[in-house]
Asker: 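Have a look at this one.
The figures that follow rest on heavy atoms only: side chains count, while hydrogens, waters and symmetry mates do not. In each ligand, atom 1 is the first atom listed, and ligand 1 is the first ligand listed. The structure displayed is predicted, hence computed values, not measured ones.
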Amino acid sequence: MAAMRTIGHISYNMRIASAAFLALLLTATAVAPLGAAEIFIAPNGDDANPGSREAPLASLSAAQNLVSPGDTVWIRGGEYPMRESMIAETRRGRAHVVLLNKSGEQERPIRYWAYENEQPVFDFSAVKPRGLRVHAFRVTGSWLHLKGITVTGVQVTITGHTQSICFENAGDRNIFERLTMRDGQAIGFWLGRGSHNLVLNCDACRNHDFTSEGGRGGNVDGFGFHAPKGSVANVFRGCRAWFNSDDGFDFISSGEAVTAENCWSFYNGYSTEFKSLGDGSGFKAGGYARQPESRIPRPIPRHVVRNCLAVGNKAAGFYANHHPGGLDFLHNTAYRNNPNFNMLGRDLQNPERDVAGYGHLLRNNLGFRGRRELTNLDEAASDSASNSFNSSLTITAEDFAGLDEADLVKPREPGGDLPRVPFLRLAAGSDLIDRGVDAGVPFTGAAPDLGAFEFEE
Ligand code: CA
Ligand code: CA
């Protein structure tokens with residue numbers, strides 16, 4: 001009733017109401033997608049700038065300080081020379097250079113995206129902290145989406161047992177899309193922890209640690225999944241790994257299962273001159289080295305590798321790596337590996353005793369021109385119906401639309417998909433078409449085909 005006593009009071013209360021309304025409006029603006037902020041960084045930026053398109057920031061860490069859930073950081077193209085003074089934190093012998101530790105929210109991820117079709121390249125070749133491992137990007141935040149970033153030149157400074165990493169994930173619900181990890185001494189992508197992460201259409205190539213342990217490069221994989229129990233529902237999709245000094249994909253020592261689908265892995269274990277380096281598997285899809293039975297997680301993770309391509313790797317195209325249980329290999333194509341499929345297992349109780357692999361499901365896989373096609377599979381203890389290596393089919397070059405390996409490194413499609421090339425696709429008229437059985441993977445025609453690519457008219 002006070003508002004009715006004087007004009008002044010009415011005016012005062014109206015001002016209160018207006019302020020409250022304004023605050024409400026501001027809050028509404030902040031949560032609405034249209035109100036999400038856009039922040040720019042650029043090679044010629046300055047962290048003292050406001051981060052607008054006209055006055056961009058210089059660093060991702062400065063951008064992270066400004067972002068809120070739902071915001072987008074646009075990364076302009078060009079070279080970003082990284083320096084040791086930029087190391088965000090040093091912890092447990094690791095130098096985390098770019099540390100993304102702020103989270104988005106459901107429906108409101110924080111995006112760190114290359115601007116339009118520009119190509120930002122973060123060059124870590126000058127970051128050589130003595131005695132420290134280098135983790136170029138460490139991501140502990142969740143609900144993040146990184147897209148279109150290239151990392152190159154990541155260093156190893158330690159000469160004993162060690163490893164460096166281009167992108168390390170420890171968060172949940174993150175998307176890593178169209179990242180390139182190349183020409184360094186570090187592992188490309190390391191999924192060390194976290195659930196529901198998607199690694200999509202990323203490339204890891206020409207990574208070789210020539211510094212540690214005699215320079216064999218035995219730890220440098222293109223993509224690694226080594227997450228503990230509780231890290232579920234992670235997927236590698238559309239990723240490509242080549243000329244990494246160890247393996248293309250490596251899932252050793254993981255507490256949960258991971259899926260690799262529509263991925264290509266080739267020439268791993270070699271230098272670009274095909275000098276022999278590390279292990280060289282295309283897909284090393286399991287294993288716990290010589291860990292005792294008590295250290296093997298239960299249930300034993302059952303990784304899924306499907307619609308993948310392995311070509312010309314130094315060792316096996318698809319490898320069970322002494323896994324003490326079954327794995328799913330569905331609709332894969334292996335060409336010129338040594339061998340194409342190696343299902344080697346181990347005795348669960350006796351880690352020193354290798355046995356033929358057991359419990360595996362192999363369906364609609366296709367091998368051609370392997371040093372050998374299939375080794376170390378306990379067929380009685382596995383389900384391996386409907387694969388080229390245990391069929392009566394005769395496979396020749398005429399079964400394929402193309403065998404030109406130069407196709408493997410063609411540029412990706414505009415949307416980021418792997419290049420659509422004839423290599424190892426089936427030729428019209430091949431008797432491998434419709435020769436498979438339903439393995440829960442979509443197919444065209446009367447039945448699934450053998451191999452990674454379903455024939456389309
Ligand atoms: Ca490896
Ligand atoms: Ca078919």
Side-chain angles (χ1 to χ4, degrees), residues 156 161-166 181 185-192 204 207-209 212-213 216-227 236 239 241-254 258 260 263 265 267-270 276-290 303 305-307 310 313-323 330-331 333 337 342 344 363-366 386-388 393 399-401 424-457:
V156 169
H161 181 71
T162 189
Q163 62 186 30
S164 289
I165 298 174
C166 295
M181 297 76 69
Q185 298 196 64
I187 293 162
F189 192 96
W190 176 275
L191 215 166
N207 298 298
H208 169 209
D209 166 8
S212 79
E213 296 180 304
R216 178 175 169 266
N219 286 324
V220 179
D221 303 318
F223 299 86
F225 178 80
H226 315 283
F236 295 98
C239 294
W242 69 103
F243 284 131
N244 297 290
S245 58
D246 205 47
D247 306 301
F249 292 74
D250 190 342
F251 307 152
I252 193 172
S253 303
S254 41
V258 69
C263 292
S265 189
Y267 309 156
N268 295 291
Y270 290 120
S276 177
L277 297 172
D279 286 355
S281 293
F283 296 84
K284 184 184 275 180
Y288 298 91
R290 302 292 179 192
H303 306 299
V305 180
R306 67 179 186 94
N307 296 97
N313 292 289
K314 186 177 102 177
F318 297 90
Y319 184 33
N321 191 30
H322 315 262
H323 203 58
L330 314 173
H331 279 283
T333 297
N337 302 283
N342 181 352
L344 182 66
R363 197 72 90 228
N364 303 331
N365 296 293
L366 170 58
S386 185
N387 301 281
S388 68
L393 292 162
D399 282 304
F400 299 99
L424 290 177
R425 287 182 180 272
L426 299 180
S430 166
D431 54 359
L432 308 177
I433 295 170
D434 292 348
R435 190 58 183 249
V437 296
D438 191 348
V441 176
F443 61 90
T444 57
D449 309 342
L450 297 190
F453 309 108
E454 192 71 9
F455 180 77
E456 290 161 14
E457 293 292 342

Asker: Specify whether F225 and H303 have parallel, tilted or perpendicular ring planes, treating 30° as the upper limit for parallel and 60° as the lower limit for perpendicular.
Answerer: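 Aromatic pair F225/H303 classed perpendicular.
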Asker: Tell me the protein N, O or S atoms under 3.0 Å from the Ca ion (ligand 1), in chain and number order.
Answerer: D221 OD1, D221 OD2, D246 OD2, D247 OD2, D250 OD2
Asker: Ignoring water, what protein N, O or S atoms are under 3.0 Å from the Ca ion (ligand 2)?
Answerer: D434 OD1, T444 O, A447 O, D449 OD1, E454 OE2
Asker: Starting from the C-alpha separation in whole Å, work towards a yes-or-no answer on side chain to side chain donor-acceptor pair (under 3.5 Å) for D247 and N268.
Answerer: CA-CA 6 Å; D247 306 301; N268 295 291; over 6 Å; no
Asker: The test is side chain to side chain donor-acceptor pair (under 3.5 Å); show your working for D221 and N244 and say whether it passes.
Answerer: CA-CA 6 Å; D221 303 318; N244 297 290; over 6 Å; no
Asker: Assign the ring pair H226 / W190 to parallel, tilted or perpendicular, where the plane angle (0 to 90°) is split at 30° and 60°.
Answerer: tilted
Asker: For D246 and N219, which I'm curious about, is there any donor-acceptor pair between the side chains at under 3.5 Å?
Answerer: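 Short answer, no.
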Asker: Does the separation of the ring centres of Y288 and H323 fall below 6.0 angstrom?
Answerer: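 For Y288 and H323, the ring centres are under 6.0 Å apart.
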Asker: The test is side chain to side chain donor-acceptor pair (under 3.5 Å); show your working for N364 and H331 and say whether it passes.
Answerer: CA-CA 5 Å; N364 303 331; H331 279 283; 3.0 Å; yes
Asker: Verify whether one side chain among H161 and E213 offers a donor that lies under 3.5 Å from an acceptor in the other.
Answerer: yes
Asker: Ion pair present between D279 and K284, side-chain N to carboxylate O less than 4.0 angstrom?
Answerer: yes
